[in-house]
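We number each residue from 1, following the sequence as shown. For the numbers below, each heavy atom of this structure counts, side chains included, while hydrogens, waters and symmetry mates do not. As the structure is a computational prediction, the values presented were derived from the model and not from experiment.
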Amino acid sequence: MRRINLSMGDWVYWRRRGADNYRGRFSRWGEYLRQYLLENRITDILYYADRLPYHAVAREIAASLGVDTYAVEFGYLRPDWVTLERGGMGALSHFPNDPTLVRKIAQRVPPFEQPTEHFTHRFGVEATNEVTYNLLTALLPYAYPFYRADKYYHPLVDYLAWVPNALYKFMTERRRSQAVERLSRGRRRYWMLALQLQADYQLRCNSHYRHQADMIEEVIASFSRNAPRTGHLVVKLHPLDNGIERWERRVANVAERHGVADRVLAVSKCNLKRTIRRSQGVITINSTVGLHSLRAGTPVKVLGIAVYDILGLTHQDSLDTFWEHPAPIDVTLRDALLSALAATIQIHGSFYHPRGRRAACDEIVRRVMHKGVNNAEAYIDPPPRLQSARDRNAPIFSPLKGSNVTPWTRKIQ
């Protein structure tokens, strides 16, 4: 097994044998990688986050050489799940969006059931590792002077923004949360718009929006024209939003401009499960909140590209029609989707929990070794499980790292 470190964060989190360091310019990364793959006879590449510049180049170079690539990310069925897809996710996904094919896969794999073992971790573990990795990469670039971070926000700006944002939430959030609770408990008609992180590649690369503000404008404008006059819109901010964009203020300004300021509310904290369950419908670009909503039986409108955006599950007509006539959810197709996802591109495991990392690592290796990624046939009669992901008698595969540590060790977004 070999690995390529591209930044100081990579090096600090992985100093084991078999690691090499690339310190050249990004413009020469493809040339270097091509030679590296040939010299080391690499057969498979794993990377976390498929849209990072180094990984995008790696996918192209690997394809030209017949080398398989696999993207690893947080799971769609989270918590306690990891995504493993051949090539990439979103627009690059090989998972079918044809309901007939989804049902055929589900017929040949076990029904989806939530595992009894849970791999929970404290948020502090995740936050500490993220801050440490990103600050090492940003503030100590000397050993990797030409590394291209491709961060939407500079880490210092990102993390320092949490201080005023926390103060702002302390002063205003309680009132907003109580307003959402009153809507939910009072059985008032409302819809929910789930925001994502502006820096999220799923938003930037798997939708047509240049900025999330464009989506907010589109949704509130449609809401003002087509939703019942007694209805409300709850705009749910991502829990890890840094506050730089001031979404509450943006939402309020757009709502006022469209004459619905008294019926639109932006909130950071609320009982998400209850808010989803009691809403008339959920709108999202491609957040996993959409899949949670389907599982709760709440209609969903997807505005970007999502693996669960399938005829029979989500609203396929225009956003304008969603407010009054949302497409119903085919429960049998939803259950089939969950079974198909779990058997093909989802792995029960965790990036942060020790047992969860071992479980995910072992299963990742097993699927890669037996060409079982995105392949339901491999799970009808699966081959024996490898004794360990580190079994020295197992075939060699090569995780490639660029701007993050290896998937079963760390996750940075």
Side-chain angles (χ1 to χ4, degrees), residues 173 175-197 203 207 209 212-239 241 247-304 306 308-331 334:
E173 190 60 29
R175 173 176 54 84
R176 297 173 184 273
S177 299
Q178 289 175 342
V180 173
E181 289 298 313
R182 286 195 296 271
L183 278 178
S184 178
R185 291 173 180 172
R187 303 293 181 178
R188 302 286 294 275
R189 293 190 72 185
Y190 69 89
W191 293 260
M192 192 182 92
L193 170 61
L195 299 190
Q196 295 168 227
L197 295 176
L203 185 158
S207 79
Y209 300 106
Q212 195 163 216
D214 300 330
M215 181 272 293
I216 293 173
E217 174 74 33
E218 177 184 334
V219 171
I220 293 180
S222 177
F223 172 78
S224 69
R225 294 191 306 267
N226 302 284
R229 299 304 176 187
T230 56
H232 291 73
L233 177 64
V234 174
V235 181
K236 175 64 174 70
L237 277 64
H238 193 283
D241 188 81
W247 297 118
E248 300 97 328
R249 187 178 304 164
R250 287 175 179 261
V251 167
N253 291 339
V254 175
E256 183 175 4
R257 183 154 31 84
H258 288 281
V260 290
D262 59 332
R263 297 196 288 129
V264 177
L265 176 66
V267 63
S268 292
K269 293 182 180 180
C270 65
N271 186 318
L272 184 60
K273 290 184 178 180
R274 185 166 62 206
T275 304
I276 289 174
R277 188 173 62 252
R278 294 183 177 177
S279 71
Q280 301 295 304
V282 171
I283 303 102
T284 180
I285 293 179
N286 49 26
S287 169
T288 52
V289 168
L291 186 56
H292 294 321
S293 302
L294 292 177
R295 296 173 71 177
T298 301
V300 175
K301 174 60 181 175
V302 175
L303 301 177
Y308 55 83
D309 189 17
I310 299 173
L311 177 65
L313 293 181
T314 58
H315 188 77
Q316 300 293 302
D317 205 347
S318 69
L319 176 62
D320 287 350
T321 64
F322 181 69
W323 310 102
E324 288 278 32
H325 306 288
I329 300 170
D330 184 329
V331 176
R334 179 198 61 191

Look at the side chain of [X] and the backbone N and O of [Y], then say whether any donor-acceptor pair between them is shorter than 3.5 Å.
| X | Y | answer |
| --- | --- | --- |
| Ser279 | Ile276 | yes |
| Gln212 | Leu195 | no |
| His292 | Arg295 | no |
| Gln280 | Arg189 | no |
| Lys301 | Ala327 | no |
| Ser224 | Val260 | no |
| Tyr209 | Gly304 | no |

Would you indicate whether the side-chain heavy atoms of [Y] and [X] approach each other to under 4.5 Å?
| X | Y | answer |
| --- | --- | --- |
| Val289 | Met192 | yes |
| Val219 | Leu303 | yes |
| Leu265 | His232 | no |
| Leu193 | Val234 | no |
| Lys236 | Cys270 | yes |
| Ile220 | Arg257 | no |
| Lys269 | Arg176 | no |

Q) Going through the distances and angles, do Ser287 and His238 end up as a side chain to side chain contact (heavy atoms under 4.5 Å, CB included)? A) CA-CA 10 Å; Ser287 169; His238 193 283; over 6 Å; no

Q. To the nearest 0.5 Å, how far apart are CG in Asp317 and NE2 in His325?
A. 10.0 Å

Q. Could you state the interatomic distance from CG (Leu197) to CG (Leu237), rounded to the nearest 0.5 Å?
A. 9.5 Å

Q | Stepwise side chain to side chain contact (heavy atoms under 4.5 Å, CB included) check, Thr284 with Gln196 | A | CA-CA 8 Å; Thr284 180; Gln196 295 168 227; 3.4 Å; yes

Q.
Would you say CD of Glu256 has more than 12 non-hydrogen atoms from neighbouring residues, nucleotides or ligands within 6.0 angstrom?
A. no

Q. Could you go step by step and tell me if Tyr190 and Thr275 meet the side chain to side chain contact (heavy atoms under 4.5 Å, CB included) rule?
A. CA-CA 9 Å; Tyr190 69 89; Thr275 304; 3.9 Å; yes

**Q.** Arg274 and Glu181 ion-paired at < 4.0 Å
**A.** yes

Atom of [X], atom of [Y] and distance for their closest heavy-atom approach:
| X | Y | answer |
| --- | --- | --- |
| Pro228 | Trp191 | CD-CH2, 3.4 Å |
| Val300 | Leu294 | CG2-CD2, 3.8 Å |
| Ile283 | Phe322 | CG1-CE2, 3.9 Å |
| Ser222 | Trp323 | OG-NE1, 2.8 Å |
| Phe223 | Val264 | CE2-CG2, 4.0 Å |
| Pro299 | Ile329 | N-CD1, 4.0 Å |

Q.
Please determine whether side-chain hydrogen bond (donor to acceptor under 3.5 Å, both in side chains) holds for the pair His315 and Thr321, giving the CA-CA distance in whole Å, both sets of side-chain angles, and the decisive distance to 0.1 Å.
A. CA-CA 9 Å; His315 188 77; Thr321 64; 2.8 Å; yes

Q: Kindly determine whether Arg263 and Arg229 satisfy side chain to side chain contact (heavy atoms under 4.5 Å, CB included), including the steps that lead there.
A: CA-CA 9 Å; Arg263 297 196 288 129; Arg229 299 304 176 187; 3.7 Å; yes

